[in-house]
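Every value quoted in this text rests on a predicted model; they were computed, and no experiment measured them.
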Amino acid sequence: MALKIGIVGMNGIGNNHAACYKEDELADLVAVCDVVKERADAAAERYGAKAYYSLKDMIEGEPDLQIVDIATGGIENGSWHFEPAMEAVGYGKHVLVEKPLCTDINQGRQLVALAEEKKVYLGCNLNHYFTPPAEKAKQYMDNGEVGELVYCLLKMGFNGGEANYGAPGSPKMKGHPYFHMKAFLTHPFSVMRHFCGDITHIQTFSDTPGFRRNAGDVMVSINSIHVKFANGGVGYLLSQRGDAVYGLGGWWSAEVAGTKGTFTIENCVEKLSLWRAERGVPAISEPIQAEVTDYGTKDFGRTFNNRLHAFLEDISNGVPREELRANGRDALAVLEYTFAVIESYERGGEVVRPHPLPPLFGDPHSLK
């Protein structure tokens, strides 16, 4: 039976989520909510749902509502997530939050704790690994074809360069040095953690390019981040917000190397390659033949459909909360990493250990 859903925040992301739900047989979009009446009314007409102008009215007016999707924005693209998410969880509703989980780390911790107390599903739109290439890459790992982790390289950001620069005018961005970190690092960190596990140490060398400084732009938009994983592997994340044009691999590339094989994913949805480390590996000047799967698509937008469907599927199947894919604790982990990056930057590039995660859904012995 389709799950009854209400969406809060009917700007770009809210409409994106609504369109995904209208395609999904597991979804019944019954309500939309926005404090801007015109937005709520337009979305209600577009998607055949009822319009509301406050979350309280939506929840109390839809007693059968099962899921509240938080698609509000705010400062640093997430400062308006906490209040409606807490309210919906307080009503005992399952909640999906657009990334980042929150833009304040203490709020993120409170939200995850309340969801655990209320025993509801809390998910986040960590959509970048809900793709066919990521699914097959995880199969390589699970089948033992990658082996013990050696390193992980992530490059993720925006193409740009000085000639394409425009000073931020939106209050969501202007005057906020950590806008890019808070709004975007969720994605690459979530991919790294998906493949390689928890991160125990973080160090960053981050900066603002001259053309931004000359325009009075304070955004720390170039992030060179070194990490160590709990399993002993090491990693590197490069992210920038349109300060340069990316080269090989495009705007999104991941390389995960182990003792038995190495895989790369190009542009998130496009291509997966696997190089196997077999006896008699060719000399350094000779190429190793890769197993390549080219998916023949550039449609990144389908990652939203895939991720939202997975959330609905997990709830429909009644999976244990710790098995909910891209759950609130997962989203809190990458938020902890983001704030460790900020701390490292503020301390001149010192190594920082991220704050421990809460016990794994009631297990007092788990701090993983």
Side-chain angles (χ1 to χ4, degrees), residues 11-13 16 72-82 98-105 107-108 128 153-192 199 201-227 235-255 266-268 298 300 334-352 354:
N11 213 330
I13 289 293
N16 185 330
T72 47
I75 302 301
E76 297 162 329
N77 280 9
S79 66
W80 299 339
H81 291 173
F82 177 69
E98 178 57 35
K99 68 82 193 170
L101 184 67
C102 296
T103 55
D104 178 281
I105 190 60
Q107 290 181 347
H128 282 217
L153 303 177
L154 252 290
K155 183 178 71 173
M156 196 180 301
F158 298 83
N159 280 320
E162 186 173 355
N164 300 294
Y165 174 71
S170 167
K172 297 179 182 180
M173 301 175 63
K174 188 176 181 179
H176 298 284
Y178 302 131
F179 173 86
H180 179 65
M181 292 179 182
K182 292 184 180 181
F184 193 76
L185 291 186
T186 286
H187 282 317
F189 271 139
S190 73
V191 173
M192 294 179 92
I199 291 173
H201 298 72
I202 287 177
Q203 177 189 37
T204 191
F205 297 105
S206 298
D207 209 340
T208 303
F211 65 82
R212 286 188 185 272
R213 288 196 294 270
N214 292 338
D217 185 348
V218 300
M219 189 188 305
V220 184
S221 56
I222 305 171
N223 306 150
S224 175
I225 304 166
H226 308 98
V227 308
Y236 176 69
L237 165 60
L238 172 65
S239 183
Q240 53 91 6
R241 197 171 191 88
D243 300 305
V245 177
Y246 273 137
L248 291 174
W251 71 277
W252 194 115
S253 63
E255 179 172 322
E266 297 177 46
N267 284 326
C268 192
K298 297 182 183 296
F300 172 77
V334 295
L335 194 63
E336 296 285 6
Y337 302 160
T338 299
F339 274 80
V341 169
I342 292 171
E343 182 180 351
S344 177
Y345 169 73
E346 291 180 343
R347 292 167 57 178
E350 290 184 16
V351 175
V352 172

Can you list the residues that meet the ring-ring contact (aromatic ring centres under 6.0 Å, His included) rule with Phe300, with sequence neighbours excluded? His128, Trp251
Counterpart residues, side-chain contact (heavy atoms from CB on, under 4.5 Å), relative to Ile75 (two or more places apart): Ser79, His176
Lys298: which residues meet the salt bridge (charged side-chain N to carboxylate O under 4.0 Å, His left out) condition with it, sequence neighbours left out? Glu270
Once side-chain contact (heavy atoms from CB on, under 4.5 Å) is applied, do any residues pair with Glu350, and if so which ones, sequence neighbours excluded? Arg347
Between Glu336 and Pro354, what is the shortest heavy-atom contact and its length? O-CB, 4.4 Å
Supply the atom-to-atom distance Thr186 OG1 to Met181 CE, rounded to the nearest 0.5 angstrom. 12.5 Å
Interatomic spacing from CG in Leu248 to OG in Ser253 - rounded to 0.5 Å: 8.5 Å
Distance, nearest 0.5 Å, that separates OG of Ser344 from NE2 of His226: 10.0 Å
Hey, can you tell me if His180 and Phe158 have their rings parallel, tilted or perpendicular (30° and 60° cut-offs)? perpendicular
Report the distance from atom CZ of Phe339 to atom CD of Glu346, rounding to the nearest 0.5 Å. 10.0 Å
Mind listing the side-chain donor-acceptor pairs of residues 204-212 below 3.5 Å, one per line with the distance, residues two or more places apart or on another chain?
unit_1, atom_1, unit_2, atom_2, d
Thr204, OG1, Ser206, OG, 2.7
Thr204, OG1, Ser224, O, 3.2
Ser206, OG, Asn223, ND2, 3.3
Asp207, OD1, Arg213, NH1, 3.4
Thr208, OG1, Met219, O, 2.8
Arg212, NE, Ser221, OG, 3.0
Arg212, NE, Asp243, OD1, 2.7
Arg212, NH1, Asp217, OD2, 2.8
Arg212, NH2, Arg241, O, 2.6
Arg212, NH2, Asp243, OD1, 3.3

Those residues that, when tested against Tyr178, pass ring-ring contact (aromatic ring centres under 6.0 Å, His included) (two or more places apart): none
Sidechain-backbone polar pair: Thr103 side chain, Glu76 backbone, donor-acceptor under 3.5 Å: no
Would you say the side chain of Tyr246 lies within less than 4.5 Å of the side chain of Gln240, judging by non-hydrogen atoms? yes
The reported gap from CG in Leu185 to CD1 in Ile225 (rounded to nearest 0.5 angstrom) is 5.0 Å
For His81 and Gly73, which heavy atoms make the closest approach, and how far apart are they? CD2-O, 4.2 Å
Shortest non-hydrogen separation from Cys102 to Gln107 and the atoms involved: SG-C, 3.9 Å
Minimum-distance pair of heavy atoms, taken over all atoms of Ser239 and Phe184: OG-CD2, 3.7 Å
With side chains defined as the heavy atoms from C-beta onward, is the minimum distance between Lys182 and Asn77 less than 4.5 Å? no
Decide yes or no for Ile202 and Phe189: does some side-chain heavy atom of the first lie under 4.5 Å from some side-chain heavy atom of the second? yes
Can a donor-acceptor pair be found, under 3.5 Å and without considering hydrogens, that links the side chain of Lys99 to the backbone of Ala183? yes
Here the pair of heavy atoms bringing Leu154 nearest to Ala254 is CD2-CB, 3.8 Å
Can you list the steps and then say if Phe82 with Asp104 is a side-chain contact (heavy atoms from CB on, under 4.5 Å)? CA-CA 9 Å; Phe82 177 69; Asp104 178 281; over 6 Å; no
